[in-house]
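Read through the structure below, which is laid out as structure tokens, and then see the notes.
Chain naming here is simple, since letters A, B, ... match the order of the sequence lines and numbering starts at 1 in each.
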There are 4 protein chains.
Amino acid sequence: MSSKRLPTAERQAQIAKAALRIISTQGVRRLTSAALAEQVGIADGTIFRHFKNMNEIVDAAIAVFEDSIAEAFPPDEGLPLERLGAFVVMRLALVRERPEILRLAFNDRLAEAAGHEGAARVGRMVERSLTFVRRCLADAQERREITPDAPLTLLVWMVIGVIRGAADTDAHRAPREDDLSSATPEQVWASLEGFLRGTSNEEEQP
Amino acid sequence: MSSKRLPTAERQAQIAKAALRIISTQGVRRLTSAALAEQVGIADGTIFRHFKNMNEIVDAAIAVFEDSIAEAFPPDEGLPLERLGAFVVMRLALVRERPEILRLAFNDRLAEAAGHEGAARVGRMVERSLTFVRRCLADAQERREITPDAPLTLLVWMVIGVIRGAADTDAHRAPREDDLSSATPEQVWASLEGFLRGTSNEEEQP
Amino acid sequence: MSSKRLPTAERQAQIAKAALRIISTQGVRRLTSAALAEQVGIADGTIFRHFKNMNEIVDAAIAVFEDSIAEAFPPDEGLPLERLGAFVVMRLALVRERPEILRLAFNDRLAEAAGHEGAARVGRMVERSLTFVRRCLADAQERREITPDAPLTLLVWMVIGVIRGAADTDAHRAPREDDLSSATPEQVWASLEGFLRGTSNEEEQP
Amino acid sequence: MSSKRLPTAERQAQIAKAALRIISTQGVRRLTSAALAEQVGIADGTIFRHFKNMNEIVDAAIAVFEDSIAEAFPPDEGLPLERLGAFVVMRLALVRERPEILRLAFNDRLAEAAGHEGAARVGRMVERSLTFVRRCLADAQERREITPDAPLTLLVWMVIGVIRGAADTDAHRAPREDDLSSATPEQVWASLEGFLRGTSNEEEQP
DNA sequence: CATGAATGAGCTTTCATTCAT
DNA sequence: AATGAATGAAAGCTCATTCAT
């Protein structure tokens with residue numbers, strides 16, 4: 001599976017990624033040193049030459065997760081709906097490229113595998129996304145780009161719901177006629193934005 | 001913890017509920033026969049007088065889950081947005097009363113604990129909800145009660161997103177100013193319905 | 001090796017004694033759960049139904065040791081040399097009956113197997129014996145039953161040395177002509193007492 | 001910790017001494033190749049460039065021990081009590097200078113760490129000391145320098161007891177008023193000799 | 001029905017030892 | 001000589017499951 005005698009740094013990366021993969025595809029229960037070792041192509045005991053114990057492996061896996069999520073944050077500038085659009089598009093792209101990452105955010109598998117501190121780290125990443133979305137929407141409401149009547153939280157849930165829905169759909173289900181899995185992230189955002197702006201009813205206001 | 005010598009049927013119910021509780025509050029990894037026995041107040045070996053093995057316990061737990069979800073389905077009649085409203089309200093009420101149930105649906109803890117067959121059952125319950133929502137929305141689009149432009153799937157995700165958001169919020173977070181956790185399910189639905197109908201935007205533009 | 005299904009209390013006693021036996025005859029390194037299980041006649045894992053972990057086993061073993069030593073303490077009354085004589089005789093008898101016990105006191109195997117707290121307990125037992133001997137000898141010096149010139153500590157070492165010598169001799173060596181292993185504890189004490197009193201030179205003072 | 005690339009002979013000496021140190025201060029269980037490597041300041045695998053396996057390391061450690069003990073043997077000539085005095089003084093000096101050496105002799109940690117052959121070697125060193133003491137005392141008895149009534153073995157135990165006592169005292173205990181740890185080896189021997197000669201009693205009866 | 005001792009498989013971790021670099 | 005990655009055999013411990021009482 002992998003060539004022999006790699007430097008620790010590389011093995012650590014391999015192992016952390018393998019851990020993330022196992023957690024997301026097979027569940028926390030299957031995250032065993034034996035399973036990891038097999039995936040990476042080394043003997044069980046060797047795992048612990050690269051990590052002190054399983055906790056540190058999960059921590060490393062969480063770090064990989066954090067990095068992946070952190071890369072999918074747009075800059076904090078520009079018009080609110082543009083920022084939000086960039087965010088949604090980036091997330092939907094992430095869903096396509098690395099479906100396991102977002103599923104882990106919405107699961108609590110990762111948090112379950114980790115101890116308290118690790119769970120908190122995962123929670124913080126999730127919270128950061130929610131906060132980002134909420135701020136964009138709040139700004140947009142203030143600028144009257146979207147209806148100020150709808151409770152902010154409801155809007156947040158709807159936007160996040162779209163990302164979750166995409167993450168889950170890519171995961172288990174067969175596509176349907178109008179399924180958005182064939183749409184580009186930009187197209188999905190366009191629909192969503194239309195909806196938020198309330199313009200979708202009016203057909204782009206000719 | 002519980003009186004002695006209960007008939008198997010009662011013990012089975014106790015155990016199944018305990019299993020569901022453990023899975024939802026402590027995670028699959030903590031679902032052990034010893035933990036179950038302790039929660040139920042019997043000796044560990046006794047668990048297996050009531051269930052053949054752990055798989056059957058998880059199956060029974062899934063059955064409890066299914067029943068809880070099945071009770072929260074409105075009748076399949078009436079106007080589409082009324083049906084959908086009834087559904088959303090019931091789910092939000094379920095979130096309030098038994099928060100663990102919906103969190104289990106959106107997690108895959110339950111599915112993870114179960115084998116293939118059990119995971120499929122959980123999947124089917126989730127799917128049934130999605131289908132219900134989709135059908136309501138499709139009907140509503142056809143009747144032009146909501147915009148026919150937005151892709152159906154997007155609408156489904158948004159509606160489901162609201163339920164998920166409610167489930168998660170009740171779970172971990174401290175309330176915010178406009179948090180919907182203080183709103184009644186009916187109020188939440190009113191906001192959501194306004195949004196779907198696209199009326200929320202126009203109402204304020206006299 | 002032992003009949004099946006014993007109550008925990010009995011198994012615990014068996015295991016604790018087996019642990020003491022293994023430590024004293026084979027050394028700390030051989031005190032493994034497998035070795036214990038084999039000696040007691042049960043499976044490895046079963047050990048941990050009776051003790052939470054190896055530390056608790058060592059603690060129980062130390063308790064057995066403490067009890068054995070504590071039984072070999074004479075009452076704290078009477079003339080000093082009589083008290084000391086009773087003590088020496090009891091210890092020499094203990095050497096004959098349960099040679100491993102005193103060897104453990106003079107080793108630090110037990111202390112090594114235990115954690116800090118356990119080591120302290122062993123140390124306290126040893127200290128208690130030293131203190132007992134010292135007090136008897138101090139009293140005897142005061143009453144001029146033995147020479148007041150010799151440093152007390154020297155006398156303590158000599159008395160303890162006799163007990164240690166007996167413990168070690170019974171352990172590894174083949175008997176010699178004048179070996180004291182054939183003498184009764186009372187005879188050994190008689191010689192030692194004569195020596196301490198300084199009368200041995202004068203041939204029982206006719 | 002130590003400079004790089006030493007010739008094997010030096011490394012072997014370092015390792016053997018480190019092994020002795022670990023055994024005496026931390027116990028056999030802590031004598032691991034990793035602990036040795038760390039003490040010596042090399043990588044763990046490197047240990048086995050200098051020794052074939054752990055057994056050989058323990059053997060080398062025993063050799064260090066043997067050398068240290070062998071240096072503390074007086075010449076086999078002169079009056080018996082002088083020879084014995086020289087022996088006792090040398091041993092007490094050894095206790096002061098390298099306390100771990102004699103503790104190892106009275107422990108069986110070293111013997112435990114070693115295999116059969118090594119244990120026998122340690123036993124032989126101990127036996128050699130006992131025999132030396134016994135011969136001195138036997139000669140002294142024959143020459144009537146000490147009482148011929150006391151069983152020889154008892155005398156041996158008492159003399160050895162003093163050395164052991166000194167070794168143990170230096171090890172764990174806080175000093176007492178009359179503790180001999182402040183006395184010079186010569187002073188201790190003077191007291192012991194007086195006692196053996198039986199003169200300590202009469203000196204004060206003018 | 002209930003208990004709890006026993007089992008055996010499996011998991012995490014340690015450790016002596018080997019060997020490519 | 002030295003390094004440190006890799007190995008495989010325990011060791012300590014957990015857990016589902018069985019079964020005598």
Side-chain angles (χ1 to χ4, degrees), chain A residues 3-11 29-37 40-55 57, chain B residues 2-8 10-11 29-37 40-55 57, chain C residues 3-11 29-37 40-55 57, chain D residues 2-8 10-11 29-37 40-55 57:
Chain A
S3 50
K4 299 205 161 189
R5 277 194 86 70
L6 293 188
T8 280
E10 278 179 48
R11 280 286 187 231
R29 254 187 177 165
R30 296 268 159 74
L31 180 68
T32 67
S33 48
L36 275 173
V40 174
I42 57 182
D44 317 26
T46 308
I47 292 284
F48 298 97
R49 299 272 313 191
H50 302 295
F51 286 98
K52 249 184 68 187
N53 51 40
M54 286 297 276
N55 278 344
I57 293 178
Chain B
S2 80
S3 48
K4 300 203 161 187
R5 285 191 95 70
L6 292 188
T8 282
E10 280 180 48
R11 282 284 189 229
R29 254 185 176 163
R30 294 267 164 77
L31 180 68
T32 67
S33 50
L36 272 173
V40 174
I42 56 183
D44 55 352
T46 308
I47 291 285
F48 297 97
R49 306 268 320 171
H50 303 293
F51 286 98
K52 242 183 70 188
N53 51 39
M54 287 297 278
N55 278 343
I57 294 176
Chain C
S3 49
K4 301 206 160 187
R5 277 195 84 72
L6 292 187
T8 280
E10 279 179 50
R11 279 284 187 233
R29 252 188 179 165
R30 296 267 159 75
L31 180 68
T32 66
S33 48
L36 274 173
V40 172
I42 57 183
D44 317 26
T46 309
I47 293 284
F48 299 98
R49 299 275 309 192
H50 303 294
F51 286 98
K52 249 182 68 185
N53 51 41
M54 287 296 278
N55 277 344
I57 294 177
Chain D
S2 79
S3 50
K4 299 202 165 187
R5 281 191 100 68
L6 291 190
T8 282
E10 279 180 50
R11 281 286 188 226
R29 254 185 175 163
R30 296 267 163 77
L31 179 69
T32 67
S33 49
L36 272 175
V40 173
I42 57 182
D44 55 353
T46 310
I47 292 286
F48 297 96
R49 305 271 316 174
H50 303 293
F51 286 99
K52 239 183 71 187
N53 52 38
M54 286 297 279
N55 279 342
I57 293 176

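Separating the CD1 atom of B:I57 from the P atom of F:dC15 is a distance of 14 Å, rounded to the nearest angstrom. As rounded to whole Å, 14 Å separates atom C1' of F:dT18 from atom NZ of B:K52. The nearest whole Å value for the distance from the CD1 atom in A:I47 to the C1' atom in E:dC11 is 13 Å. Between the CZ atom of B:F51 and the P atom of E:dC1 there is a distance of 13 Å, given to the nearest Å. The interatomic distance linking A:I42 (CD1) with F:dG8 (P) rounds to 12 Å, in whole Å. Following rounding to the nearest Å, C:D44 (CG) and E:dG10 (P) show an atom-to-atom distance of 15 Å. Atom CG in A:L6 sits about 16 Å away from atom P in F:dG4, given to the nearest Å. Rounded to whole angstrom, the span from the CD atom of D:E10 across to the P atom of F:dA2 amounts to 10 Å.
Atom OG1 of A:T8 sits about 8.0 Å away from atom CZ of A:R49, to the nearest 0.5 Å. Note that CD1 of B:I47 is 9.0 Å distant from OG1 of B:T32, once rounded to the nearest 0.5 Å. Within the model, atoms CD1 of B:I42 and CG of B:L36 stand 8.5 Å from one another, a figure rounded to the nearest 0.5 Å. In this structure, CD in C:E10 is found 10.5 Å from NE2 in C:H50, a value given to the nearest 0.5 Å.
Among the atoms of the strands shown, only primed sugar atoms or phosphate atoms (P, OP1, OP2) are found under 4.0 Å from some heavy atom of A:L31.
The side chain of D:T32 contributes no N or O atom lying less than 4.0 Å from OP1 or OP2 of E:dT14. Applying the 4.0 Å criterion to OP1 and OP2 of E:dA2, one finds that B:R11 has a side-chain N or O inside that range. The phosphate of F:dG4 (OP1 or OP2) has no side-chain N or O of D:T46 nearer than 4.0 angstrom. In this structure, A:H50 reaches the F:dA6 phosphate: one of its side-chain N or O atoms is under 4.0 Å from OP1 or OP2. In this model, the phosphate group of E:dA16 is approached by a side-chain N or O of D:S33 to a distance below 4.0 Å at OP1 or OP2.
At a cut-off of 3.5 angstrom, counting only N and O atoms as typed in the model, there is no donor on one side facing an acceptor on the other between the side-chain of D:R5 and the base of F:dA2.
In this entry F:dA1 has no Watson-Crick or G-U wobble partner, no candidate having both defining distances under 3.5 Å. Both distances falling under 3.5 Å, in either a Watson-Crick or a G-U wobble arrangement, place E:dT12 opposite F:dA11.
The side chain of D:T8 has F:dA1 as its nearest neighbour among F:dT17, F:dA5, F:dA1. Taking every side-chain heavy atom of C:R49 into account, E:dA6 is the closest of E:dA6, F:dA11, E:dT3. You'll find that the side chain of D:M54 is closest to E:dA16, out of E:dA16, F:dA16, F:dT7.
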- Task: Kindly indicate, with the supporting measurements, whether the criterion side chain to side chain contact (heavy atoms under 4.5 Å, CB included) is fulfilled by A:R29 and B:L31.
- Result: CA-CA 11 Å; A:R29 254 187 177 165; B:L31 180 68; 4.3 Å; yes
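Heavy-atom distances to DNA chain F give each of D:R29 and B:G45 a nearest nucleotide, and the one nearer the 5′ end belongs to D:R29. In terms of position on DNA chain F, the residue among A:P7 and C:F48 whose nearest nucleotide sits closer to the 5' end is A:P7. When each of C:A43 and D:N53 is assigned the nucleotide of DNA chain E with its nearest heavy atom, C:A43 is the one assigned upstream, toward the 5' end.
Nucleotides F:dT21 and E:dC1 place their C1' atoms 13 Å apart, quoted to the nearest Å.
When every heavy atom of B:A34 is checked against every heavy atom of B:D44, the shortest pair comes out as CA-CB, 4.3 Å.
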